[in-house]
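All values reported here derive from a predicted model rather than from experimental measurement.
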Amino acid sequence: MEGTDSRHWEDLLPDALGLIFHNLSLQEKLTVIPRVCKPWSKAVMGPYCWQEIDIEEWSNRSESGDVDRMLRMLITRSSGSLRKLCVSGLQNENIFDFIAEHARSLQTLRLPRSEMCDSTMEKIAGRLSILTFLDVSYCSKIGPRALEAIGKNCKFLERLRRNMHPLDVEGKLLQNNEAYAIATTMPKLKHLEIAYHVVDTIGVLEIITSCRELEFLDLRGCWDVKFDEKYLKDKFPKLNVLGPHVVDQYEKNAWEDCSDYSDSLYDDYESSDGMWDDDESLELRFYGGYDEASVYGWPPSP
């Protein structure tokens, strides 16, 4: 209305727009917001929108090279302000180093199903020093050396996910060495998930007696662990233990092939040479050929 002091959306400061855009989905930030107006496009290119990057679901359905390209683009936009990163199935060793180079503010890091090895984690752990939550579930190429490097360098770590797939540990010998690495280097843990690890009662006792702040422990599928419930309640009254014997709907469906999604962003779509020519192309092809307006009911871009 005439005479009011109201401001136009495009006049908001970039950090204010970033806070607003933070509530939008990744798809909307990449394919809709940049086309609305120049101020919005500029804001979504800046760091305020990318302090938290979660492309885990998308990365489960995408080619490794596409994931690397997307990740590099978004992390570069964060300009060192990245606090949370969730991505699955990373395979290129250089991408782990790239993440670590931009990790000075990183507190939450989820890298399930990634192909990192012990030496890679030993190399980058020193640059992940302020992590409070780390997920390295289903990372079959790392072991006690990597966990020890994490514990020695990430002194603020409170939550660790190190779940495994039952097929990855089938037939393996006892692996208490990972339990010992956790026990000796991560005393401040409050939440630990080691489902389907080949550990026994002795290994788990090392953890719960050394990590005195532990409040939750996931032992689903750790069949060699035998605990008396009364003993646990008396000795560790604040500790909640899940498993080792849990059979429910989640347990039955948890290990389905994560790449088999009926709503995959790339269903019926074949990649072609030269499609990732630049960042703009990467954004506009995020849906791999879908018409965004018809599928998601978005208004046509200006």
Q: Please determine, by modelled atom types, if Thr132 and Gln107 share a side-chain donor-acceptor pair under 3.5 angstrom.
A: no
(Q) With rounding to the nearest 0.5 angstrom, report the CD1 to CD distance, Ile182 to Glu148. (A) 11.5 Å
Q) How about Thr108 and Leu131: do any of their side-chain heavy atoms sit closer than 4.5 Å? A) no
**Q.** CG on Leu219 to NE2 on His245, rounded to 0.5 Å
**A.** 10.5 Å
Q. Could you give the distance from CZ (Phe96) to SG (Cys117), rounded to the nearest 0.5 Å?
A. 8.5 Å
**Q.** Sub-4.5 Å side-chain heavy-atom contact between Lys141 and Glu115
**A.** yes
Q) Under the side-chain contact (heavy atoms from CB on, under 4.5 Å) criterion, do Thr209 and Phe236 qualify, and how do the steps go? A) CA-CA 9 Å; Thr209 54; Phe236 309 97; 3.8 Å; yes
Q.
Just verifying a value: how many Å separate Asp66 CG and Arg61 CZ, rounded to the nearest 0.5 Å?
A. 14.5 Å
(Q) Between Asp54 and Glu56 (side chain of the first, backbone of the second, donor and acceptor by atom type, cut-off under 3.5 Å), is there such a pair? (A) yes
Q: Could you tell me whether Lys190 and Glu215 have a side-chain N and a carboxylate O separated by less than 4.0 Å?
A: no
Q. Are Asn94 and Arg72 close enough that some pair of their side-chain heavy atoms sits under 4.5 Å apart?
A. yes
**Q.** Joint cluster assignment, Leu128 & Val87, ILVMFWY side-chain distance < 4.5 Å
**A.** yes
Q.
Using the rule given for side-chain contact (heavy atoms from CB on, under 4.5 Å), can you reason through Val136 versus Leu160, listing the C-alpha separation, both sets of side-chain angles and the distance that settles it, and then say yes or no?
A. CA-CA 8 Å; Val136 285; Leu160 175 66; 4.3 Å; yes
Q: Give a yes or no on whether the backbone of Ser62 and the side-chain of Asn60 come within a donor-acceptor separation of less than 3.5 Å.
A: no
Q | Donor-acceptor contact below 3.5 Å, side chain Asn163 vs main chain Ala195 | A | yes
Q) Shared ILVMFWY cluster between Ile53 and Leu134, side chains joined below 4.5 angstrom? A) yes
Q: Could you walk me through whether Ile75 and Leu85 pass the side-chain contact (heavy atoms from CB on, under 4.5 Å) test, one step at a time?
A: CA-CA 9 Å; Ile75 290 178; Leu85 175 62; 4.2 Å; yes
(Q) Would you call the rings of Tyr231 and Phe227 parallel, tilted or perpendicular, taking 30° and 60° as the class edges? (A) parallel
Q) Per the side-chain contact (heavy atoms from CB on, under 4.5 Å) rule, which among Leu232, Val225, Leu189, Val204 passes with Leu217? A) Val204
**Q.** Ala125 versus Ala149, closest heavy-atom pair with distance
**A.** CB-O, 3.7 Å
Q: May I ask you to decide whether Lys233 forms a salt bridge with Glu229, counting only side-chain N to carboxylate O separations under 4.0 Å?
A: no
Q: Kindly say whether Ser78 contributes a backbone atom to a donor-acceptor pair with the side chain of Ser81 at under 3.5 angstrom?
A: yes
Q. Once you round to the nearest 0.5 Å, how far does CE of Met186 lie from CG of Leu147?
A. 5.0 Å
Q) So do the side chains of Asn153 and Lys155 get within less than 4.5 Å of each other, counting heavy atoms only? A) no
Q: Starting at OG1 of Thr76, measure out to CG of Leu71 and round the result to the nearest 0.5 Å.
A: 9.0 Å
Q. Is a side-chain N or O of Ser105 found less than 3.5 angstrom from the main chain of Arg83, in a donor-acceptor match?
A. no
**Q.** Non-hydrogen atoms of Leu111 and Met116 that approach each other most closely
**A.** CD1-CE, 3.5 Å
Q.
Between Asn176 (side chain only) and Asp200 (backbone N and O only), is there a donor and an acceptor less than 3.5 Å apart?
A. yes
Q | Shortest non-hydrogen separation from Ile95 to Asn92 and the atoms involved | A | CG2-O, 2.9 Å
Q. Leu82 and His102: which non-hydrogen atoms are nearest, and at how many Å?
A. CB-O, 4.2 Å
Q: Taking all non-hydrogen atoms of both residues into account, name the closest pair between Ile130 and Leu106 and its distance.
A: CG1-O, 3.2 Å
Q. Side chains of Ile207 and Ile194: closer than 4.5 Å at any heavy-atom pair?
A. yes
Q) Got more than 12 heavy atoms from elsewhere within 6.0 Å of NZ, Lys230? A) no
(Q) Tell me which one of Arg110, Arg159, Lys84 satisfies salt bridge (charged side-chain N to carboxylate O under 4.0 Å, His left out) with Asp135. (A) Arg110
(Q) I want to check something: taking the side chain as every heavy atom from C-beta on, are Asp97 and Arg127 in contact at a cut-off of under 4.5 Å? (A) yes
Q | For the student: nearest non-hydrogen atoms of Ser88 and Ser59, plus distance | A | N-OG, 2.9 Å
Q. Regarding Arg220 and the six-membered ring of Tyr196, is the cationic atom NZ or CZ under 6.0 Å from the ring centre and inside 45° of its axis?
A. no
Q: Could you tell me whether the side chain of His165 and the main chain of Leu167 form a donor-acceptor pair under 3.5 Å?
A: yes
(Q) Is there a path of hydrophobic side-chain contacts, each under 4.5 Å between heavy atoms, that joins Leu239 and Leu157? (A) yes
Q) Judged by atom type as modelled, is there a donor-acceptor pair below 3.5 Å linking the side chain of Arg162 to the main-chain atoms of Cys139? A) yes
Q: State whether the side chain of Asp118 and the backbone N or O of Ala146 hold a donor-acceptor pair below 3.5 Å, judged by distance alone.
A: yes
Q.
Run the side-chain contact (heavy atoms from CB on, under 4.5 Å) test on Phe133 and His191 for me, step by step, so that the C-alpha distance in whole Å, both residues' side-chain angles and the decisive distance to 0.1 Å come before the verdict.
A. CA-CA 9 Å; Phe133 177 30; His191 181 113; 5.9 Å; no
